[in-house]
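Written below as structure tokens is the structure these notes are about.
Naming convention: chains lettered A, B, ... in sequence-line order (proteins, then strands); numbering from 1 in each chain.
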2 protein chains.
Amino acid sequence: MVNPPLPGSCGTPVHNSGMEDGSAAPPQQHEGAAAAQRQATLHDVARTAGVSQATASRVLNGSIRNVRQENVAQVLAAAAELDYTPHLSAQAIARGTTNTAALVVSGVDDPYFSTVAGGATQAAEAAGLIVTMAVADRSPERELQIVRTLRGMRPRAIILTGSRIDGTDTRAALIEELDAYRRAGGSVVLISQYDLPFCTVSIDNYGGARQLARELVGLGYRRFAVVRASAALRTSRDRCEGFVDGLREFGIGVEARLVVEAEFSRRGGLAAGRELVRQGLGDTELVIAANDVMAIGVMTAFRDAGLVPGRDIAVAGFGDIGPAVDVVPALTSVAVPLRQVGLCAMELALSNDDVSRVVPISTNVVLRDSTPRR
Amino acid sequence: MVNPPLPGSCGTPVHNSGMEDGSAAPPQQHEGAAAAQRQATLHDVARTAGVSQATASRVLNGSIRNVRQENVAQVLAAAAELDYTPHLSAQAIARGTTNTAALVVSGVDDPYFSTVAGGATQAAEAAGLIVTMAVADRSPERELQIVRTLRGMRPRAIILTGSRIDGTDTRAALIEELDAYRRAGGSVVLISQYDLPFCTVSIDNYGGARQLARELVGLGYRRFAVVRASAALRTSRDRCEGFVDGLREFGIGVEARLVVEAEFSRRGGLAAGRELVRQGLGDTELVIAANDVMAIGVMTAFRDAGLVPGRDIAVAGFGDIGPAVDVVPALTSVAVPLRQVGLCAMELALSNDDVSRVVPISTNVVLRDSTPRR
DNA sequence: CTCGTAACGGAATACGATTTCCCAGCAGCG
DNA sequence: CGCTGCTGGGAAATCGTATTCCGTTACGAG
């Protein structure tokens, strides 16, 4: 119970570390502050090794030029002794190129994004890049601002995933920003949901949902409810449309009353589930959610209301995130190879094709206990 | 079904974008390659605006010096026209300091780490820093290598979370590396599990587990099994010790046979659960796992074996990650305010105290349906 | 022995910013 | 009118590294 209940602050203890005012200045540096003992530079290494900077540079990096064995040893010894670490920013400037890739996600907490991020990170590290990640929190303005900042790092690639929302006026600004970045030689890759003139790894949300509808009808279901997110969210919209179109193939419609909209999160699913319970499910047999976490929220809401998911009412989601199988009953879903999506996006970005291409990623219906055969 | 089944590659389509060999060189640049249209530099902006570089710099960044209103307008107009973005690496060099914070996690996929990362990212962005993230994949060697690379970015802080494993010989090297970084003015913060001479945000694993033991005994449980990870993993060990010590208060012991070791992941939990089922649980009433994801795996294994968790056998975990409440029965666990841990770590790092301090984070037992009163 | 050439070391310059230092102009004041 | 203090602009130094260009040496071929 040490921590204060205030969220957003960890209550760092006060830390008057001695002197009251600036009187007794720290001994070494004249600047006050941290009195940091300067990092060794290439110059220092060269001097210690008794060679020129150029030689030191050639030794310590993959230069084409050869250096005499003796000098190599000297330089390496000096570098080890001084604990030299090359200054990446300086290298970036001198070389005119960085070894950085940038990743913009909507939120790290969501397993969807963290899985994609995992794949992208793996691909980046395999290529010797270090990845910088920013969280847009589903705000287009924030996303725009992030891209603007990220551009300053001159990363080799910028990968955007998730938070694009249709119809905001930041759209044009974002396009402009990304395009300027691309003109300057960077590569941009979007992951699904975006609808912009850039390379895109496109998850087949529509097709997967449509196939899901077919298979559910095949299991004997006829009466459906839909839990979806705002129509402005491309992913949610595509999935719902696919599902509805799939049902239509069999002449099945969904009552408008039974389509509820909520946040694209577990909490949203919970709320939607409660809403459905409140207004009465009628003879609805199955609820499909635009999202696995929403579906899980819906199941919890139903269970709280005394309905047993999978027996009293079936539920299906989309995404096949890890927890989908841990939940009871295990959730029927549409598998999206999220890790591969991340990998693919990064590889696509690093292959620097100048042509904007769309790489389709197919999805895969996975039937589980939450939708038993009727 | 477009994607080839090969993992690790997304099968980027071939892309002969026209010319067969290097004959028809791109028009603009003499270098071949991307023919990128150079990013505008401060120099360009200054020239366009008809002022000196110094003035342009003063306008475009928070300088102390004033600039005449007229020139300000000129410079801003020029910057907008040329779509100027300051080169962060150049700024870093000139200023001698970056606006970057580094975060090392064991894996983004694990909800534990991604939640911590979320908190840390939030705090960093609030402070105007951009965070670079690296994934160590539970390998101490990889972690060491990452720290080495990260140091080259001269981040303001390096935060390490999770993958420290006792007894490897990389330990000394890691300490040396981090210490050199700190000597050079960086701040290091470790999150729990580490046992190194640096600032640490310490999660009270031992105390939480001990309290959990007390409360479970209070519910009427007497016979326990333990699923834990390698003893080399500090977190797992602390939790197990706390739990065992808590039971000992009541004179209760745990049979060595009923302590099984497995990977610190959902898969490990699944394996451990199967192992317990195989060798027979005897009259065991409750299984505690070192980890929520392990506990969830154990529950799944039990269910597969026809045991109903919460009725036939109780299960408890540690961490209280999001999915703990979505699972059925909801999992009894020990809540760790992970997001706050991340926030706290970053704030601690940014407060640049030179003193190594340990900030304790208390934990909180949460009883749920997976451990009904007996 | 001479010449051509390959190998390698080092001085200098470039990279894109910030910051110091100097200088011009101007207002205020005795 | 001369001096001081202040404001704001610009030239140049600086940050840490890569790389170009030039000079020296060594070596093998003729």
Before giving the answer on side chain to side chain contact (heavy atoms under 4.5 Å, CB included), spell out for A:Ile159 and A:Val104 the whole-Å C-alpha distance, their side-chain angles and the decisive distance to 0.1 Å.
CA-CA 6 Å; A:Ile159 295 183; A:Val104 184; over 6 Å; no
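- Across the protein-nucleic acid pair, B:Met153 atom CE and D:dT17 atom C1' stand 16 Å apart, rounded to whole Å.
- Close to C:dC8, at under 4.0 Å from its OP1 or OP2, lies no side-chain N or O of A:Asn71.
- Considering only the side chain of B:Ile93, D:dG16 comes nearest among C:dG9, C:dG10, D:dG16.
- The nearest whole Å value for the distance from the CD atom in A:Glu70 to the P atom in C:dA7 is 19 Å.
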Test side chain to side chain donor-acceptor pair (under 3.5 Å) on A:Gln145 and A:Arg148; report intermediate values, then the result.
CA-CA 5 Å; A:Gln145 183 199 339; A:Arg148 211 162 259 158; over 6 Å; no
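- With sequence neighbours excluded, no residue satisfies side chain to side chain donor-acceptor pair (under 3.5 Å) with B:Arg65.
- The nearest whole Å value for the distance from the CD atom in B:Gln74 to the C1' atom in D:dG8 is 16 Å.
- The two residues B:Val108 and A:Ser114 make their nearest non-hydrogen contact at O-CB, 3.4 Å.
- Separating the CG atom of B:Leu60 from the P atom of C:dG16 is a distance of 16 Å, rounded to the nearest angstrom.
- Applying the 4.0 Å criterion to OP1 and OP2 of D:dG10, one finds that B:Ser52 has a side-chain N or O inside that range.
- In terms of modelled atom types and a separation under 3.5 Å, the side chain of A:Asp44 and the main chain of A:Thr41 share a donor-acceptor contact.
- Using a 4.0 Å cut-off between charged nitrogen and carboxylate oxygen, A:Asp83 and B:Arg151 count as a salt-bridge pair.
- Rounded to 10 degrees, the angle separating the terminal axes of the helix from C:dC1-D:dG30 to C:dG30-D:dC1 is 50°, with each axis obtained from five end pairs.
- Taking atom CG on B:Leu88 and atom C1' on C:dC15, their separation rounds to 15 Å, with Å as the unit.
- With contacts defined as side-chain heavy-atom distances shorter than 4.5 Å, the pair B:Ile130/A:Thr132 does not qualify.
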Any N/O pairs under 3.5 Å between the protein and nucleotides 18-21 of chain C? List them or say none.
residue: C:dT18; atom: OP1; partner: B:Asn61; partner atom: ND2; Å: 2.5
residue: C:dT18; atom: OP1; partner: B:Gln91; partner atom: OE1; Å: 3.0
residue: C:dT18; atom: OP1; partner: B:Arg95; partner atom: NH2; Å: 3.4
residue: C:dT18; atom: OP2; partner: B:Ser57; partner atom: OG; Å: 2.4
residue: C:dT18; atom: OP2; partner: B:Asn61; partner atom: ND2; Å: 2.8
residue: C:dC21; atom: N4; partner: B:Arg65; partner atom: NH1; Å: 3.4

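- Remark: B:Asn66 is in phosphate contact with D:dG8, judged by side-chain N or O atoms under 4.0 Å from OP1 or OP2.
- In summary, A:Glu143 and A:Arg138 do not engage in a salt bridge, as defined by a charged side-chain N under 4.0 Å from a carboxylate O.
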For A:Thr200 and A:Val359, run side chain to side chain contact (heavy atoms under 4.5 Å, CB included): C-alpha distance rounded to whole Å, both residues' side-chain angles, the deciding distance at 0.1 Å, then the answer.
CA-CA 6 Å; A:Thr200 300; A:Val359 175; over 6 Å; no
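- Regarding A:Gln69, its CD atom lies at a distance of 16 Å from the C1' atom of C:dG9, rounded to whole Å.
- Atom NE2 in B:His43 sits about 13 Å away from atom C1' in D:dA11, given to the nearest Å.
- Counting to the nearest Å, the P atom of D:dG16 and the CZ atom of B:Arg154 are 9 Å from each other.
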